[in-house]
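As C-alpha cells, the structure follows; a few thoughts come after it.
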Amino acid sequence: IMEIKRYSKNVYKVFDNLGNSAYSQNYTLTIDTINPGINLTFPLNTTYTTNQTDLKYTISDININNCWSTNDSITNYSIACGSNFTNFTSKEGSNKWYIYANDSAGNTNTSFIIFEVNSDAPNVTLVSPVNNTNITTLISTFRCDNNATISPLLNTTLYIWNSTNS
C-alpha cells in the first residue's frame, strides 16, 4: 500500500548509564512510500513540422526533492522542480524525451514522451498526363510521385484550372 504516514513522539528526558540526561522536544517520523507524480504536457505524441525546444510538465509530491531530464543525447539536465525545460533540441525523425523526479524519502518516478519531427515538405510531381497536355476525354487518370518521408502520406489533392486559371 502506497501512503504517507507520520508518527510523532514527545521525549522529555533521556538518561544514559553515566547519569547524563538530555531534554528534547517533539520528534516526527514520516514514512513516505509514494512516488512523485509526473504529468508531461508538451510536446505531445504527434508529428511536428518544426524543431521542438520545450519540455513542459507538472509534478505532484509533498516532499519533492530533485527533477531532471534527458533527451536523445542522454545528457542529464537538472532544473528546479516544476520549472519547464527550455532550449532542448529535437532532431529530424523520432525523439524520446524523459523527465525524472525524486522526493526526500528516495521515491523516484520517470515519464517519457515520443514524438516525431518532419520538417521536409513532400515534393509532388505530376507523372501523367504530361504537363500542358490537352485532354479531350471526360474521364482521365492522373498519376503523381512524391518524396514524402512520413508514412502514410495523408492525402494528395489535384487542382485543375481551365485556360483562364480560374
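Taking CD1 from Ile64 and CG from Asn107, the interatomic distance works out to 9.5 Å, rounded to the nearest 0.5 Å. Atom CG of residue Asn65 and atom OG of residue Ser104 lie 6.0 Å apart, to the nearest 0.5 angstrom. Distance check, rounded to the nearest 0.5 Å: CG of Leu55 to OG of Ser83 gives 12.0 Å. Ile113 contributes atom CD1, which lies 14.0 Å from atom CG of Asn71 (distance to the nearest 0.5 angstrom). Here CG of Asn109 is found 9.5 Å from CG of Asp61. Values are rounded to the nearest 0.5 Å.
Looking at Val117 and Asn95, their side chains come closer than 4.5 Å, going by heavy atoms from C-beta outward. Side-chain contact between Asn51 and Thr89 is present, with at least one heavy-atom pair separated by less than 4.5 Å. Between Asp54 and Asn87, the closest side-chain pair of non-hydrogen atoms is not below 4.5 Å. For the pair Ile79 and Tyr77, the minimum side-chain heavy-atom distance is 4.5 Å or more. Taking the side chain as every heavy atom from C-beta outward, Pro36 and Thr108 never approach each other to under 4.5 Å. Side-chain atoms of Ile99 and Phe85, non-hydrogen and from C-beta on, do get closer than 4.5 Å to each other.
Between Thr70 and Asn76, the side chains place no donor N or O within less than 3.5 Å of an acceptor N or O (distance only, hydrogens not considered).
Tracing side-chain contacts under 4.5 Å through hydrophobic residues (I, L, V, M, F, W, Y), one never reaches Ile114 starting from Tyr48; they form parts of separate clusters. Linking ILVMFWY side-chain heavy atoms closer than 4.5 Å, directly or via other members, places Leu44 and Phe112 in two distinct hydrophobic clusters.
In summary, the aromatic rings of Trp68 and Tyr98 are positioned with their centroids too far apart to meet the 6.0 Å limit. If you look at Phe88 and Trp97, their ring centroids are closer than 6.0 Å.
Judged by distance alone, the side chain of Ser90 and the main-chain N or O of Gln52 form a donor-acceptor pair under 3.5 Å. A side-chain donor-acceptor contact under 3.5 Å links Asn102 to the backbone of Asn66. Here the side chain of Asn84 pairs a donor or acceptor atom with the backbone of Tyr57 at under 3.5 angstrom.
Here the shortest heavy-atom pairing between Ile38 and Ile59 reads CG1-CD1, 3.7 Å.
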Open item on the list: Applying side chain to side chain donor-acceptor pair (under 3.5 Å) to Glu116 and Thr46, what does each step give before you reach the verdict?
Closed with: CA-CA 6 Å; Glu116 298 277 331; Thr46 189; over 6 Å; no
TODO: Apply side chain to side chain contact (heavy atoms under 4.5 Å, CB included) to Leu40 and Thr58, showing your working.
DONE: CA-CA 7 Å; Leu40 280 166; Thr58 58; over 6 Å; no
